[in-house]
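Throughout, a chain's letter reflects where its sequence line sits, starting with A, and its residues are numbered from 1.
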Number of protein chains: 2
Amino acid sequence: MLSERKREVLRAVVSEYVNTAEPVGSRTLVRRHDLGVSTATIRNEMADLEEMGYLEQPHVSAGRVPSDSGYRFYVDNLMEQDQLTGSEQDLLNQLAGITTREADTVLASASRLLSQISNYVGLVTSPRIHTSRLTSVKLVHLDHRLALALLFTDNGQVESRVMVLPPEIEPADMENLAAYFTHRLAGKPIEEITSQLLDEVYEELLENVRHSCDLLGQIASALMAWLKASARGRVYMGGAHNILKQPEFQDLEKVRRLLALLEEEPILLQLLQRDPGTMVTIGRENQLPVMQDCTVVSATYAVNGRPAGTLAVLGPTRMNYAHVISVLEYMSGCLEQAFSGKDKD
Amino acid sequence: MLSERKREVLRAVVSEYVNTAEPVGSRTLVRRHDLGVSTATIRNEMADLEEMGYLEQPHVSAGRVPSDSGYRFYVDNLMEQDQLTGSEQDLLNQLAGITTREADTVLASASRLLSQISNYVGLVTSPRIHTSRLTSVKLVHLDHRLALALLFTDNGQVESRVMVLPPEIEPADMENLAAYFTHRLAGKPIEEITSQLLDEVYEELLENVRHSCDLLGQIASALMAWLKASARGRVYMGGAHNILKQPEFQDLEKVRRLLALLEEEPILLQLLQRDPGTMVTIGRENQLPVMQDCTVVSATYAVNGRPAGTLAVLGPTRMNYAHVISVLEYMSGCLEQAFSGKDKD
DNA sequence: ATTAGCACTCTCCCCAAGAGAGTGCTAACG
DNA sequence: CGTTAGCACTCTCTTGGGGAGAGTGCTAAT
């Protein structure tokens, strides 16, 4: 266990380095944080902390810099809660007030706000409806060739898609078809509706109903494509340019690689697949080589009480952890409100 | 008018500079392009070209670099047609083959491909349905509180949106309502359906029909919001990181500003609002200060013969103009094919 | 255990010198 | 008269040395 003074020193080093981005020496440390001892003592403490792996020295006659483990210890044991300022709260509260019904707009604004307040990169995933259940399938006849397929879920969402039908179908057939789909699929979590299950339903239909397989196949594959698309999930990114403000991203090639990564939606999506709660991934803790001097702080948000999506901030390991965590957790609430409020009316 | 030799020299300077990104001197010019005269002669020609404003000298003892007007002259008078390689064509042809019905996927891939082939930033706008006409409005009752609003356009597109209704409405009312909207709005180009027109219709409805204004207002505003959203248009961007490969973007602050700009969708949208055809905007010809050492080459694509959207490449003024233009024009065709093919089936 | 003092190390900045590249000018040439 | 060889000149970029500055670790004294 670290002595109280060592903890104090480590905390001071982190806070100083986060502010200045420059290796911090014993002198500046005693001057700016009243530690009550001399520089020599601090030097000894810092040497100890270095040996323990919490601090590093860029070169022998420079100050100290927190290592990944140093940040880790700081986050786990030393960090103090941060209070958002009033204006920050106001900014974030806008989210709940967006009038549009489009999730799109809300999420785009969220990622933007995140980057704006944190000065890092903001990331937000769309709410995943995986966990919600299908309640019914409807087919509505529109005109001679067009029908509308509707999926209802138990969290109040409705998705619709226009489908082109072959001319030989009767309105009654369509009702039967919809009823059958509902019968077979209702109550199932969206994520369990795989192509395998759909294939089964397809086979059954072929046996029981006397439709052209063409039509059935079309409907089944449209349903499938559509479920896939809505299950895919999107990632909204805002403020990518902010990383260029950080002194640790002066190396153009490094920045380029990171930016290229940020354009790969599937990778981001996988990256943001997280368990509920707040999580901090520091430097080497990240799997991807490009991100090994970045930190990702993530939180999840819920819709109607169920975990739905992730919001995150990506920045250098030298990050204002306390502040970012506060922002994320506050925004998590705002998003829940925005989405849950929307479903009610 | 420029002498044939001057044209030759200017062409050589542009081509050399585009390849090497370094000021080109008389020596390298005669060595790499067989101009048949000595360096001294070339020096004189270059001095003339500089005086005419087509070339510039970074400093007195450096080689020459094309000015914005130099590029302009090159593009307008000197450039030779570029042939795409087979593999480039294959890559672009993928676009037409995307099976998804989602415009989203096609456009995202398009911007990606554009950046991949050109090594600059690729931009694509979604097809604008402005010019198409509304044919009818339908309201379909779903369950006690939900209705589906449908808009049909004369190019075969259908847009649908779920609306929440107050309970007091009767199915017959809804049909009347839909019929009235159709009666008043059918045949109008989408872009003419402004909030002013909708307000008029709203007023008329209030007089003629005995519904709660609450409901009417709701429907009108939903319709409005929705038309706005589908008229808004989106911009797809790919390969933003590519600009970091360019030696002219070493200045981090400059890059940051440009990246920030690229995150502003409305600005991009305005930027890409272009008349049909291929267009090159070089350096200072751009309005925005951030872009004054960039070139935007844009082309438009049509859907069913009508101009629908823009695709563009953004890079440094030192750009491979001929190649980029070929790529854009080829892709324009691919996009038209992708979208027009889609509407048919 | 803490601290003052000191020698030592390493980076960063500045400056001067020299190499290199390219020019413009002048005078000679066909 | 257009073209070219030759040359002096200018400017940048690189290289290397020297000194200032910051910070350290160690030792001896408190």
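Below the 3.5 angstrom threshold, one finds a donor paired with an acceptor across the side chain of B:Ser61 and the base of D:dT10. No N or O donor and acceptor, one from the side chain of A:Arg27 and one from the base of D:dG23, sit under 3.5 Å apart. In this model, a side-chain donor or acceptor of B:Arg43 finds a partner on the base of D:dG6 within 3.5 Å.
Between the C1' atom of C:dT23 and the CG atom of B:Asn44 lies a distance of 11 Å, rounded to the nearest Å. The interatomic distance linking A:Leu35 (CG) with C:dT2 (C1') rounds to 14 Å, in whole Å. With rounding to whole Å, B:Glu22 atom CD is found 16 Å from C:dG20 atom P. Atom-to-atom, CG of B:Asp48 to P of D:dG2 comes out at 11 Å; the value is rounded to the nearest Å. If you take CG of B:Leu55 and C1' of C:dG22, they are 14 Å apart, rounded to a whole angstrom. As a whole-Å value, the separation of A:Ile42 CD1 from C:dT3 P is 9 Å. Between the CD atom of A:Gln57 and the P atom of D:dA22 there is a distance of 17 Å, given to the nearest Å. Going from atom CG of A:Leu29 over to atom P of C:dT3 covers 14 Å, rounded to whole Å.
Taking side-chain N and O atoms only, B:Arg5 has a distance below 4.0 Å to OP1 or OP2 of D:dT3. A sub-4.0 Å separation between OP1 or OP2 of C:dT2 and a side-chain N or O of A:Thr41 is absent. Taking 4.0 angstrom as the limit, A:Arg64 places none of its side-chain polar atoms (N or O) nearer than this to OP1 or OP2 of D:dA22.
Residue-level contact check: B:Ser26 touches the backbone only, with heavy atoms under 4.0 Å from sugar-phosphate atoms and none from bases.
Remark: B:Glu8 engages B:Arg11 in a salt bridge, criterion side-chain N to carboxylate O under 4.0 Å. In this structure, A:Glu285 pairs ionically with A:Arg72, as a charged nitrogen and a carboxylate oxygen lie closer than 4.0 Å. Salt-bridge check for A:Glu264 with B:Arg112: passed, with a basic side-chain N closer than 4.0 Å to an acidic carboxylate O. Salt bridge status for A:Arg64 with A:Glu56: absent, with no side-chain N to carboxylate O gap under 4.0 Å.
When distances are taken from the side chain of B:His59 to each of D:dT4, D:dG23, D:dC11, the shortest belongs to D:dC11.
One side chain, B:Arg274 or B:Thr281, offers a donor N or O that lies under 3.5 Å from an acceptor on the other.
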